[in-house]
Structure formats: structure tokens, C-alpha cells
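In what follows, every chain begins at residue 1, and chains take the letters A, B, ... in the order their sequences are listed.
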Number of protein chains: 4
Amino acid sequence: MTISVAVAGASGYAGGELLRLLAAHPEFEVRTVTGHSSAGRPLAESQPHLRSLAHLTLRETTPEVLDGHEAVFFALPHGASGALSEQLGDVRLAVDCGADHRLTDPADWAAFYGGEHHEAWSYGVPELIVADEGGLSRQRERLVGATRIAAPGCNASTVALSLAPGIAAGVIEARDLVSVLAVGPSGAGKAAKTHLLGAELMGTANPYAVGGTHRHIPEIQQALRGAGARETPTISFTPVLVPMSRGILATSTARLAPGVGAAEVRAAWEDAYAGEPFVQLLPEGVFPRTADTLGANTCLMGLAVDEAAGRAVVVAALDNLAKGTAGAAIQSANIALGLPETTGLPVDGVAP
Amino acid sequence: MTISVAVAGASGYAGGELLRLLAAHPEFEVRTVTGHSSAGRPLAESQPHLRSLAHLTLRETTPEVLDGHEAVFFALPHGASGALSEQLGDVRLAVDCGADHRLTDPADWAAFYGGEHHEAWSYGVPELIVADEGGLSRQRERLVGATRIAAPGCNASTVALSLAPGIAAGVIEARDLVSVLAVGPSGAGKAAKTHLLGAELMGTANPYAVGGTHRHIPEIQQALRGAGARETPTISFTPVLVPMSRGILATSTARLAPGVGAAEVRAAWEDAYAGEPFVQLLPEGVFPRTADTLGANTCLMGLAVDEAAGRAVVVAALDNLAKGTAGAAIQSANIALGLPETTGLPVDGVAP
Amino acid sequence: MTISVAVAGASGYAGGELLRLLAAHPEFEVRTVTGHSSAGRPLAESQPHLRSLAHLTLRETTPEVLDGHEAVFFALPHGASGALSEQLGDVRLAVDCGADHRLTDPADWAAFYGGEHHEAWSYGVPELIVADEGGLSRQRERLVGATRIAAPGCNASTVALSLAPGIAAGVIEARDLVSVLAVGPSGAGKAAKTHLLGAELMGTANPYAVGGTHRHIPEIQQALRGAGARETPTISFTPVLVPMSRGILATSTARLAPGVGAAEVRAAWEDAYAGEPFVQLLPEGVFPRTADTLGANTCLMGLAVDEAAGRAVVVAALDNLAKGTAGAAIQSANIALGLPETTGLPVDGVAP
Amino acid sequence: MTISVAVAGASGYAGGELLRLLAAHPEFEVRTVTGHSSAGRPLAESQPHLRSLAHLTLRETTPEVLDGHEAVFFALPHGASGALSEQLGDVRLAVDCGADHRLTDPADWAAFYGGEHHEAWSYGVPELIVADEGGLSRQRERLVGATRIAAPGCNASTVALSLAPGIAAGVIEARDLVSVLAVGPSGAGKAAKTHLLGAELMGTANPYAVGGTHRHIPEIQQALRGAGARETPTISFTPVLVPMSRGILATSTARLAPGVGAAEVRAAWEDAYAGEPFVQLLPEGVFPRTADTLGANTCLMGLAVDEAAGRAVVVAALDNLAKGTAGAAIQSANIALGLPETTGLPVDGVAP
């Protein structure tokens, strides 16, 4: 099988990572890449690391250019894919790495993004626990045969994967969650901004979106409600830019549910991720580094129960561009298209 | 006035920073530097950046070598200064940058350090709010005329300064605090360890002491009890090594006390640090970067009230070696010796 | 075909990279991994990024443990593989990533390494131009059917690949070469040393082995003699540690041969690397970044002719652990074993 | 004495460093700061690390605003200070940190910058050796009483200081010099450009201006001619951006003059910099790191004679913003105004 693919927004960071993973995927063939200011230029100018695709030239991002591919991946700025996707013609599968199709509640969209709200697509975090009348399942079941998929926000999926097991099992409270993330600047994109200059970010830690303003907050809440939170999840969420080009290390803490012991807490996470190929709980006392996930579609997680503080502490590491964005998109596409879920996706990180 | 000074443990990172600041101080004169494996060697071999002190040679760390100086600064591994300080003879002022004299409660010492407990010395965080029967004051009052001072743990003082104002004012709860810190590896010292190699730490974020085991936790609790916490403070505390040689960025969150509004919260911190030369609350919506404090005796703090999450969020930045250790030591020594508190201490960071 | 493999010295950086690439290789199966102080421990403790091999346990590095594998890769400290390899029994192919079998001249070994000299094995840089009585060829021809291969020094192969085309073509002089390299510290290995600590290397550039003492110098000279240098090549070689965990960026300059023009110079490199899958000359005016080669078996090269200075300037980038060591080893093993040369080796780097 | 100062271009990196050093200088008082897009905004927004100057507001950069100060420092983009300085009225001393007044030869300006050439001002590298009919002297003699000073290019002064001693003494040749520099991105300024983003520069080494196009080349040649080069100096010059916000590590090599021995070479540099407070030759076998000069007005230099390669190798480290720009400007201003040359300038770096 060879599935023809177009990547829209191929000159940016998410687009580049999609291409890197798609180029190594045995079932996909990248036929078309598009850009905006880079349209008409060789891909090698904006993605010099992609030697295997150096023959490609960027085209304009239009419905006509994208139509006719079996799969289209959007790696566009927020707000751009919504309208564009409505104009798509014959495309079997569309996967959006932007935010436009993540949020189910228009009020959330209005409060955190603004502009027109577009329908939510199938959420591309296969390992996420989902609780409904039928009991607990995984999000992957909702991705089988999907034709429209919303890849997750990288910070949001890291935190949702960190906390959903405990919420689904009832061993932690969904209220008063606290997450602080060390993140690399590639998540902020490739547009030139003074505060993202190398000289501004090297040798320093820079917080941003402090105090509950980050756009991934409603996405986390939505995922945790889906995981069975009995009350509206509340979360204090603080990202901190640190000097690494890629990576997210999310430290998330939650109050222990009354009467719950450390063994029960650990069991909840073990049960949730046993057998998962891309999300792995590390042994007791071991915690992950982002480097161990670099370039891989892997989320590593460590868990501690701090009885003195009354909180479970989950530390999760992933590569924001890989498992956090492009890897999740391709993993979800594999499921949607009936391919083995792990096809073409690396699990070993590039370290040191 | 010229005050003769000896620095014990001058070949390490804390020792080097003490020397850098002392060399620029108009009232101190560094007469003696000591080391362990480096004894007998030129200081310039272990501290090649200290050109102004390149004429010094390291001596053995013995009471005889240290005696006779008006001020002695200890920058020794934990456990080393306790016994040594008891053997000191005629020394007007001793300042310990290690942990040996920080904790008042022998049970805390036994639980987090082990070995013999030594008496607590005056705690070297002048700006720390202290609540007692006489009302609120600052720790600096307890440093006037002190002869023995315990410089703080760098992580501990960052968190204590972050949270004490709200606890003293009663606007946040002292229970269920959560702090996550991005820290540079210089705080872990200069001893060669595989997990601290450059190749292990560059391009990655590495958590450690997850789950309530970090030795600075009882020090934080002690400081917050001193600031008037009505119940025992509990804190979930997670440090994360990030790729910068120096710096601490502590994100600390606390539940808002019932019925408290954002203005009251902000007023607590404004009142606490108005007029402080070295601890500054930034304007609303502004948060600090560690780079802005590099090499300076400055702690910068930003505050947000996240009403949706029900928490105050304090982000504090300082240089772990400067304001976090050596700067605090010298600031406290200035007070103890009757010098103007700001003498010889830089407030401007080296950025970018 | 499945070729059974053992990796000796699997807990270090070169060993880890061998494993990462071998795990993704369709024809090799890693059966055995050995370590020294880590023998008996799970591989996951020393290589937490290698999730696909997390089931392996490190064994002792002995001939008995290694014998019986079709291929053995050595990633041992210099001096260790020489004696060990002589004790090997039935092993079809041995590849040494250490220096022991690189140098043909015992005098070079004595001058730069010392201790017993071992015979030189087939040099594992397939793209290297070799000049002999039969004219110009590539080193790959000497690797076909080889049973013992010496993977190159990472710095040496970068410089040799940079300069050999011009020397073979006679457009540059082999005398008075100058190379300065920006290198990441993973090339210095995983042993704990103070000068390799993260705090020592972050935010700074550190030269070492200045003035002609680096051990890769005779290896470069040997390769350039092999490429047809008419007189003994002389090279000023200075490596500089910079704050990136991996990567080599070598800037090499050579005097233009008398009467040679820019077009002839460029043609020499174009001819040398046209059609090479892993060594690529970039277009005129374009120069490589190490990030573009991260994790890949790719060497990217840019060339300028500085007529005012009378020198050709070659800037080459590669990943010291991948194309510089483990990738070169596997590429050479592919050739030796009759596999397609590119089998299992990534060409796209992980960037940004 | 209090000398009133204005800094034009105070929102950028060079402007910020001028302010940091001026704020700690006992004789200067910063009265006025100007910006372009930041005019009207508090200085603290663009320079949050300068707590001691947080009361200042940026004004427009006009002759009217600058006139009336005893000293004016320009930290403007190249091309901006030339015209502006001609409109200045009553200003005792103007120091230009831009390139506009560095080059004496209009042809050099035309070839490397373009646009109108302005007269060269006194070159602000006091330690630079100058050879003229009177024999050897230092550039500082030409700065005494100067009213217009051109601070050097940071790369240019590093290389010129590295090589001038050997050229003046005749122990190295001025032809066929080779310099490769590891540099931090703060030297490229604060304007937002994609290729200077943190994600582009972290974890990688990036060459630029390869092949003889860097604008500092004619400045180096001019300085070396001034040091007594008998023939036109030729230099292959390659800068490489590495992941540190500040710093230059220049590795410069030069052919040994015929018949010259290692001792003579070393003596040339020792003689040149003996007694210099800010340029120091390290002991034989010791080479500098950029970190050792961070924030200081110090240039550290190591020297090796590589007899096999026939070259002297000079490795020089300095902080591009401090000794490379702002520190040189203030040091030169001290001399021009009759202050002790070392007034207010730190010699100790901030390390680790």
C-alpha cells in the first residue's frame, strides 16, 4: 500500500517533523508540500535536515493543491485550517496539527482563541482513557476509521496523559491540579519574534502564560472530563521555556483521593499504560528526561506518591514535535487507515 | 575599614562565587582561601575567571589556617562545617553556606540529612518575613550583630521568599503548596558525577528528588512556620535540572484563602517587598527570567492570581550561586558587621 | 537474513548509538550487550532512551560472551579492544569503534597513544577517496568482504572527508592545512570528569588539545596520504567544546594550489561526492549546521573559495556519534557483509 | 566628578551592556537613554535585568535629546551613527559602538558595508600594538584626550589582539592567517530574524559569512597593518554561531616566520601584554574558556607553537558585549577623559 500524502505548512517546525516521520514511514508517500512565504522555493531551504525529501518544492497552500491526496496533514497557524478544511474536496483523511478542531465547546474556543469555532474532530491521543456509559476505553477506539482527526496540543496531551489514569480510577481528585512544564521553544513555531531569539532563551528559564491564560487549559479540562472527572477539572498550569530546542517535561500533581494509598495510585497508572507501545510508566523511583524521547513517538512517565504533601506527582517527558504533534498525528492516521498503529514510528529517542 | 576574610572550600562553585563578590566588595579583603584536593595549588587553576585573585594559593582547610580572620565563610560539603566550626578560635563572624546550621529541629536533620545535628545559626535571608508575638518583622533584625550565620539553601530561600508574604498576610493557605523549580546544575556542586555531565544535561530537562525527598523541604517549612503559618506547611516540591549553568526559576502555587480577592493577594506581596533593595515584585502581568538575575544579588518575582484554579502563582527567579548562596551570605554579613546592607552587592544581572 | 550481533561497551555513548541504529536495522539482531561496572544491570539503567531494547541485561565483556555472534561491535575505551579482539574466536565480522586498529604506523601509535600497537583494520570511511597505482577509488572497495573494520575517529573522518577531494584532485595543497572544530562533549565519553560537567560546559566554548596534540592528527594525515598527498600533510588542528551534546562542525582550510580557480576547486568536491548517499556537498553559498545531521548517518559539507585569502574553506557537519562513529561502523558492516550500503541508516537529521 | 551620559540605542544588546557597566561606574551618570520603536517606553521593558536603571524611560534618538551630555555612546545599527554624529552639538566625547567610524579606507567601507563612508575615529582598543616611525607603542596613547572614539568590532578586536604581538615582533607572518571563531548570537543583535531563533541555534553549530565576506575582515587587516605588517595581511576568517548567548572564542593561527623558535614566539606575546590589566596571556599549556570572561572587560589568551604544523596558535576568549563592545568603549572613554583606565570595569568573569 502506498498512501499519497500532502503536508500543508511544510516549512515550519511541525510540518518539518511530519515530513521527517512520513519520509521514514513505509506506507505513506509525500507527494506535495506547501508553504506560504516559502511557496515556490525548494523544501531544502527551509528544512535542510530532510535530505531524503530534498527534491521537493513548496507549493501554495490551496484546496486545489491539496485535493486528490489520500491524506492531508495541516501544520498551519491556529485559525488557518478551519476554513481551508471546509473547502477540501476528495480527501480520505485530514489530520490537523493546529488547534482549530480540538475543542468541542464553542465557549472554550471563544474564551481562549477567539474567531470562528469549527467542529471538533476525533482527538488524536490514542492512549487517552475515555469513560462513558460503557465503562473505560481508550481514545484509539474512536479513531478507527476516522476521516478527520485533530492532533493534540503538545502541552495538553502531555498533561492529559499524565493525569487521566488517576482520575479515571478515582484515586486522585480532578480539582486543584497543578502542572508546571519545562518546554523547548520549537513549540512556539518558526515565526521570528524577539522574545524567542536564541540570545533571549539560552542560559535562562522564561515563564509565559502564567496565571491561567494558556490556550491548552480548556483542552486539558476537556480530556480529563472525558476521562471521567466527576466535577469540572481545575488546573493551575504554568509553562516555562528552557534552553533546549525540543521537549516537554511536565510535572503534574494532584491531591490524593481520601483514603487512597500509594499502591492503589501506582496500580491506576500501571493498568492504564500496560501494553501501550508509546506511553510507558517507568519503575518506581525512576523519572524521565526529555532527551530520552527526542525524535521518538514516546511518552515516558514517572510517578511518585508524596504522602506528606498529600499529592501524587507525575513527571512526563515527550518530544513536543514528535509524540506531542507529528507523531501523534501519524499514529492516529495509522489507526484511522487500518494500518498497524506502530507503523513507521520510532520508539527510541536520540540521546545523549 | 578592611575586614580580613578567609573562604574555606574556595575551589568549588559556591566558594568561587563568594570570592567573586568579596573581591568586588570595598570593605572585605580576602586573605586566605582553602581547598581539599586542591590545597597547595594556585587558585587560578580551579577558578580561572577570578583574575583579580589570581595571586592566591589554596591552603588546607584547618582551624589553624582559618583562625585570626575577622570573617570566615564556609563553602564546604554538607556535614563538614559543623565540626570545623566548633574548633574555630578567634573569629568574629562565621557564615556557613552549607546546610549544617540551618535546621532548628534535630528530627528534620535526622530525617533529611543524618549524622550529627549542629545548632542552628541566624538564618541568612534578611527579607524573610518573621511573625512572632511582637507582630511581623524581617529576618534582618535577627542578623544585626550576629556572629554565626547560616546562609540559606538556594532552592529553599527562593520558595520561602515566594510564599512567606501571602502566609504572613493570611491570604493564602500554607497547606498544599506546590513548587516546581527549573534549576541549573551549578547548585549540585563541582564533584564529577556521570549524571551531571554536560552530555547528560544539555538539550534536556531532568527531574530529581521527586516525591518529597529533597533536603530543602524542611528548611522551607521552617521558614514558613516562622512567617506565621498557623498549621504545619505542606509542600509538593520538585526540582528539574535544565540546561543553564546557573539560575533558579521557582513556580510556586498556593490555594487562596477563603474569600480573598486578587487585590488583597497582590497587596500582601507589595507590602512585603516595597523598598527591599534585592527582592522586587514585578508589575502585574510581568514575570522574571533567570538571566535577569545572573551574577546579581537580586530575586525577581512575578505574581498572578488564577481565580479559575483557586491559586496564587508566584514565579521567582534568582541566581543560585549569587542571591541563592554567596550573595545572601555577604548581604547577611554586611548586616551583622554593621555595614550598609547593600555594600558591594550588584543588583543588575548580566543579560542576555 | 538476521545477523546476530553483540555490542561490547554498550553502556557508553558510542555503544548506545550503535544500539539505537542496530535496533532500527532490518538485518541485525542485537543478542548481547556487555558493560564493565554496569555488568549485571538492566540496559535501561544506562540507556533509558532505548525503549526497544529495554529487555536486555548487560553482561561482562569477555571473549566467551562475545564469541558465536556473527558480528561484534566494540565500543570500548582506547586500548581495550586490541587485546580482546585477539582472543575472539568464531566471529565473522568485528568492528572496532575505538582507536586500537586505526593507525598503520606503529610510530604514530607510540607518539599519540602509547602502549602496544595493534594491526590496522580496514578503515571504515567508505566515501574516502583512495589514490594508488590503479588511480582513484573509494575506501568502500576495501571494505567489501572485510572481516575486521576500524571505525574512524569522529573528528578525523570529518576532516579527512573535508579535504581528501581537493588533495586527490590536486587543487589544494596538503601542507599547511588548518582545521578548527566545534564539537559536543559526547565525543569525550561518559566517564565522570570535572571538566566535562554540565556547569563547566554550558554557556561557554572550551578549547582543548591545542597546539598539535590531538590523537586524531595522525589518523587525518594517514587518510590524506592515502588520498594522494604528494608530500606529508601538515595540519594545525584545534577542537573546541561547545554547548551541544552531539555534533561536529569542522572548518577546514587549505591553500589553493598554484593557478587553480574556484570552478576547478568546486568540481573536485562535486565529483568526489556526487551520488554518495551519506556525504553531500551543499549548493554554492550554503553551509551546514550540525543540527541538520543529528541522529543521521549524514555528513553535510559546504565549500567556499576565498580568493583574497588564497584558501579553500570547507565546512563539514556530522553527528559525532552517528556518522562519526556508530553510523560509519554499521555502514561499513553493511558493505562487508554484502548488504546494500544504506540499509537501516537514517539520512534525515532531527531538527530543530 | 560626575560625567553626564546619554546612550543612544539603549534597548538593544550593546546598549544594555553599556548601561550595565555605566551604572556600576563611579564617575558616569546615565541621564538619558534613547530607542527607536521602544521610545516612550520604560527601559525596564527592554532591559529587565537593569534594576538600578529601572526608573529611566526611553526617548527618541535625536541630536536634540543627545546634546548637552558630556559623553554620548552610540549603540545603533550600522549606518545610523554616521549622519547622527555629524549633527551633534556640544558633546565632549562621543563613542560609537557601530561600524560607521572604524574604517580609514573608503574602499574597504564600500566593499564590505556600502553607503556613505564617514571619517575614522580613534580606534578603541587601547592594548593594540601600533608600529610607526617612532617604534612600537600602544593604541591607548592615541586615545588620550580623544573626543571621538570608534569602539571596535567584537570579532575584529579579538583577532587583532590575538595576532598583533607576533606581527609587531616579526615572529609570525601576516600573510595566510586563519581565524575560526565560536561566537554567541548576542553579537548579531536583537532584531527578530528566523535564523537567530532559539530553536534554530540551540544544540547546533552554525557557520556564517564563510569564505571571506565578514565585515570585520578589513578592520582586522587595518589593525594588523597598524601593528607593523610588512605586507598586506591576508586572513581566512570564519565565524560559527554556537549555543551560548555571549562570548567569542577565536582560534587564530599564523605561519611561523622563518627560523623563529617557540621561545621567541612566546616572548612576543608576553612582552605585549605584561602589565595589561584587561588582556592576559595564560601560562603555557593553559587556554581560556569564554565563561571565564563573562560580563568582564577581560580578554584571556592562550598560545601554543605547533612546530609540526609550522604555525602559532592563539586562542583568545572575551565577552563580545563587554570587552568586545561596551567595555572597550568605556575603557577608551576613561582614557580619553583622563580617568584611570580601569575605573569601573570588572576583571572577574561570572562563572560557571
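- Below 4.5 Å, heavy atoms of chain A meet heavy atoms from B/Asp176, B/Val178, B/Val180, B/Ala182, all part of residues 170-188 of chain B.
- For the residue pair A/Thr204 and B/Ala291, the shortest heavy atom distance occurs at OG1-N, 2.9 Å.
- Heavy atoms of A/Ser236 lying under 4.5 Å from chain B belong to its backbone as well as its side chain.
- Ranking A/Val240, A/Val313, A/Thr251, A/Thr234 against chain B, the residue ahead of the rest is A/Thr251, based on heavy-atom pairs under 4.5 Å.
- In this structure, B/Ile235 and A/Asp306 approach most closely via the heavy-atom pair O-OD2, 4.1 Å.
- Considering every non-hydrogen atom in both B/Pro352 and A/Ala199, the closest pair reads CB-O, 3.3 Å.
- Contact of B/Val210 with chain A is made through backbone and side chain together, with heavy-atom distances under 4.5 Å.
- Separating the CZ atom in B/Phe287 from the OG1 atom in A/Thr238 is a distance of 8.5 Å, to the nearest 0.5 Å.
- When all heavy atoms of A/Pro207 and B/Pro288 are compared, the pair lying nearest together is CD-O, 3.0 Å.
- Across A/Ala304 and B/Gly211, no two heavy atoms sit closer than the pair CB-CA, 3.8 Å.
- The line from CG of B/Leu249 to CG of A/Asn206 is 8.0 Å long, rounded to the nearest 0.5 Å.
- With respect to chain B, the highest number of heavy-atom pairs below 4.5 Å among A/Gly302, A/Ala351, A/Ala205, A/Gly203 belongs to A/Ala205.
- Residue A/Ala309 touches chain B through both its backbone and its side chain, counting heavy-atom pairs closer than 4.5 Å.
- Residues B/Glu200 and A/Arg289 are in side-chain contact: their nearest non-hydrogen atoms beyond the backbone lie under 4.5 Å apart.
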